[in-house]
Structures are given as structure tokens and as C-alpha cells.
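The block underneath contains the structure these notes are about, expressed in C-alpha cells.
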Amino acid sequence: MNDPIHVYSEIGRLKTVMLHRPGKELENLAPDLLERMLIDEIPYLKIADEEHDQFAHLLEEHGVKVLYLEKLLADSLKDKNVRTKFVKQLLAESGIVGEDELYQELVEFLMSLSPSEMVAQIIAGVRKDQIKLQHLSLADLAEDPIYPFYLDPMPNVYFTRDQQAAIGNGMTINRMTCRARRRESLFMETILLHHPLYKDAKIPIWRDRYQHGRLEGGDELVLSQDVLAIGISQRTSATAITQLAQKLFRDSKFKTVLAIKIPHNHAMMHLDTVFTMINYDQFTVHPFILDQDHNIDIYVLKAGTNGLTITHETNLTQVLKKYLHLSELDLIPTGGADPVAAPREQWNDGSNTLAIAPGEVITYDRNYVSNDLLRQHGIKVHEIRSSELSRGRGGPRCMSCSLVREDL
Ligand SMILES: NC(=[NH2+])NCCC[C@H](N)C(=O)O
């Protein structure tokens with residue numbers, strides 16, 4: 001298994017993962033920015049970093065190689081021409097267009113930094129008081145002159161699950177739904193094109209960030225070497241799922257996509273906030289995504305002789321047993337299905353577990369009802385502190401992009 005990208009399950013022993021250690025972007029937040037930035041409360045960066053370091057150390061203690069997105073990107077930007085092209089594309093995607101003074105000053109400022117300083121600065125955002133303009137534009141004078149940024153901060157980068165996803169030996173580079181996150185997937189695109197680990201590896205790109213239709217990695221779960229579950233969610237569209245399925249059925253060994261329709265809301269913005277695989281036949285599931293008959297809309301996509309076949313199913317247990325060839329199945333309810341603990345712990349990512357091996361997961365310590373239940377079901381649970389990290393509305397699976405897992 002020498003592929004630089006190799007993920008054929010959600011539970012195979014985790015060997016390589018990509019994280020982002022939160023930086024100044026979490027300090028560049030103010031109350032009136034939070035909703036647009038998809039962050040529910042302003043984390044205390046010092047503690048958030050202590051918590052994130054605990055997460056990284058726990059992974060490393062269990063044999064996982066931790067790569068940092070910011071280091072991979074900086075190492076991909078050593079060539080000045082590559083750096084210039086990257087900066088100009090990032091400015092264009094930030095709405096800074098034209099060759100006016102602001103554009104030139106931003107290019108000059110960012111290019112004056114070292115690659116690692118530039119990456120940190122771009123993620124943190126560029127404040128207006130960092131750039132000295134000779135002439136203020138009409139926009140500066142007349143449109144929200146007190147807005148503090150020329151480049152918005154990117155406070156969600158630490159959720160490295162979403163901008164891209166490893167599927168088999170390839171990746172999706174995702175067109176993110178919300179404007180606040182759309183620029184983030186430019187990072188992995190740049191890494192795959194220019195980083196020594198990846199640039200010559202001919203890594204299949206199952207879907208790039210320019211294709212019409214929204215896709216985010218929190219909705220992409222690799223259930224087995226030939227079955228994917230993808231959430232039809234607030235962040236992933238049926239169009240994107242259809243196109244991804246067609247590409248995978250044509251160019252990979254994946255044979256089935258289970259498109260699972262979940263509520264479209266901020267608390268449950270991705271499938272992995274309400275459903276994760278934690279063992280060969282065990283899953284976490286937030287009970288509130290099932291109706292009173294324990295049903296949920298699942299659309300089974302398979303390759304047919306005349307294009308895709310789509311079959312509508314509603315019994316999650318039966319569908320998982322059928323397509324994963326399981327005789328038994330254990331759906332472990334978040335918060336023990338308690339009407340208060342379940343939504344409380346789902347809100348704080350009690351369903352969002354990261355499996356580091358079959359039956360062994362990392363979870364947030366604050367979700368003690370869910371954690372105790374997982375242990376009662378025989379799951380080995382490693383808890384990490386989460387008071388500040390959870391304010392971004394993501395958990396251990398959200399904060400990690402699995403790049404290499406051992407085959408089962
Ligand atoms: N895979 C996940 N559940 N990611 C959580 C992302 C949270 C982030 N604030 C957003 O709204 O995008």
C-alpha cells in the first residue's frame with residue numbers, strides 16, 4: 001500500500017491524516033461576522049490550540065502520521081511563479097479583481113512574505129490597516145468603510161474533512177456551498193498539483209472545484225471498497241452526487257452510492273454530524289434523522305446498462321446490511337436517544353466520531369452520554385477536550401482529512 005492517497009473504508013487503521021492547527025483566523029472574528037462565517041461562538045485561540053495539539057498527539061501516539069495543511073501548502077508554494085499564480089487566483093476568488101492600487105498592493109504584500117507566512121496570512125485574513133493605499137477607492141470611502149478586512153479570515157479551515165475528500169486512491173476537490181468556505185479547496189488543489197508528495201503521483205480527481213453542483217467532504221463516507229454513503233444535505237446537492245457516482249462507476253471499482261437525505265439545517269449541515277461508521281457493523285446515528293417509523297430517504301445509485309439506476313429505500317438498517325453484506329447491525333443512538341441529551345450532544349458533535357481503527361474512535365469529551373453508550377457497545381473511546389474547538393460546530397471527524405487507511 002504505497003498510494004499517497006488510499007482510503008477504502010471509514011474504519012481501516014488510520015495511517016496518514018491532514019489537519020490544520022487553528023491560527024489567527026479565530027482571533028479575526030467579531031459577533032457580527034459569526035453567522036456569515038458559519039461559526040457559532042468565538043473560540044479562545046490559546047485553548048483551542050491546546051485542544052487541537054492534544055488531538056494531534058493522540059493520533060501520533062496511535063501511529064498516525066499527522067500532516068498539516070498549512071505546511072503542505074507552504075511547501076507547494078516555494079516556486080515564485082506558482083506562488084504568484086496562487087495569490088492572483090486567491091485574490092480573484094476573494095472578489096479583488098482589476099489591476100487597481102489595492103490589487104497591486106495586496107499582491108506585493110503577500111509576495112513579500114515567506115510561503116509559510118503567506119499561508120498563515122491568507123487564512124487569517126488581511127486587515128485594511130495592513131495595507132497603505134495612496135488613494136482610497138469609492139468602495140473604501142462609500143461602502144462599509146468600517147469593515148476591517150480586505151481579505152476575509154477563513155476560520156473553518158481547521159475542518160479539513162470538508163474542502164476535499166479521499167475516496168479510494170483519488171480525491172474530490174470540493175466546490176463548497178457557502179461563500180465563507182469556497183476559497184478553501186484551492187489549497188488542496190494547489191498541494192496535489194505542486195507538492196513533491198503528490199505532484200507526480202497521478203492521483204485521480206473524481207470531481208474538481210469548478211464543476212457545477214455543491215459537494216462537501218462531511219457528506220462523503222467510504223463505507224467499503226465498493227460502497228459510498230453521501231449525504232443529500234444543506235451542503236451537498238443531488239447534482240454533485242449524481243455526477244460523482246457516474247465518474248466513480250466509470251473510472252473506479254466503486255459500485256454503489258447510498259445517497260442519504262438528511263435535514264437541511266446548520267446543526268446537521270453534513271451527514272457525518274448525524275451518522276458515522278465506527279466498526280465493521282456498528283454506526284453512530286442521531287435518532288432525530290429517522291421518522292416515527294424509523295425510516296429515512298435513501299436513494300441507491302448503481303451503474304446500469306443505460307446509465308444510473310436509482311432505487312428508493314427507507315430502512316437504514318436493511319440497506320446497510322444488504323450493501324455491506326452484514327448479518328447483524330448496531331446503530332448506536334447519539335445521546336442514548338434521550339429527547340434532551342440527543343439533540344444537545346448532536347449539536348456538539350456527539351455523532352461526529354473519528355475511527356482510528358475498527359471499533360476504536362476519537363470523540364469530544366463533552367458528549368459523555370454518547371461516549372458511555374459507545375463503551376457499553378464495546379467501542380474503545382479516546383476522548384479529547386473540546387470546549388473551544390466545538391464552537392466552530394465540528395468534531396473529530398470534521399477536523400481530519402483521512403489520506404491513508406489500512407485495508408480491512
Ligand atoms: N464535516 C463536518 N461536519 N464539518 C463541520 C463544519 C463546520 C463549519 N463551521 C461549517 O459550517 O462548514
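This is a predicted model, so every value here is computed, not measured. Numbers here simply count residues along the sequence, with the first being 1. Both ligands and their constituent atoms are indexed starting at 1 by order of listing.
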Are the ring centres of Phe55 and His57 closer than 6.0 Å?
->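 Here the rings of His57 and Phe55 have centres that are no less than 6.0 Å from each other.
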Centroid-centroid distance, Phe275 to Phe283, less than 6.0 Å =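 Yes, ring centres under 6.0 Å apart.
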Purely on distance, is any nitrogen or oxygen of Leu38 under 3.5 Å from one on ligand 1?
-> yes
Ligand 1 N/O within reach of Asp272 N/O, cut-off under 3.5 Å |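 In this structure, Asp272 places an N or O atom under 3.5 Å from an N or O of ligand 1.
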Smallest separation among heavy atoms of Arg182 and Glu93, with atom names = O-OE1, 4.4 Å
Is it the side chain, the backbone, both or neither of [X] that has a heavy atom closer than 4.0 Å to ligand 1?
{"X": "Arg235", "answer": "side chain"}
{"X": "Arg181", "answer": "side chain"}
{"X": "Asn156", "answer": "side chain"}

Answer with yes or no whether the side chains of Arg366 and Ser390 bring together a donor and an acceptor at under 3.5 Å.
->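 There is such a pair between these side chains.
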Using a distance-only test with no angle check, is there a side-chain donor-acceptor pair under 3.5 angstrom linking His20 and Glu25?
-> yes
Using a strict 4.0 Å cut-off to heavy atoms of [X], name the atoms of ligand 1 that fall inside it.
{"X": "Gly218", "result": "1 (N)"}
{"X": "Arg393", "result": "5 (C), 7 (C)"}
{"X": "Thr273", "result": "3 (N)"}

Taking the six-membered ring for Trp, are Tyr198 and His195 parallel (under 30°), tilted (30 to 60°) or perpendicular (over 60°)?
->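 Ring orientation of Tyr198 relative to His195: tilted.
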Looking only at protein heavy atoms, which one is nearest to atom 1 (N) of ligand 1, and how far off is it?
->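 Protein heavy atom at minimum distance: Asp162 OD1, 2.8 Å.
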Out of Gly395, Ala165, Gly392, whose heavy atom sits nearest atom 7 (C) of ligand 1?
->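 Going through Gly395, Ala165, Gly392 one by one, Gly392 has the nearest heavy atom to atom 7 (C) of ligand 1.
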Note, Gln121 side chain near Lys24 side chain (heavy atom, < 4.5 Å) |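 Not touching, per the 4.5 Å side-chain cut-off.
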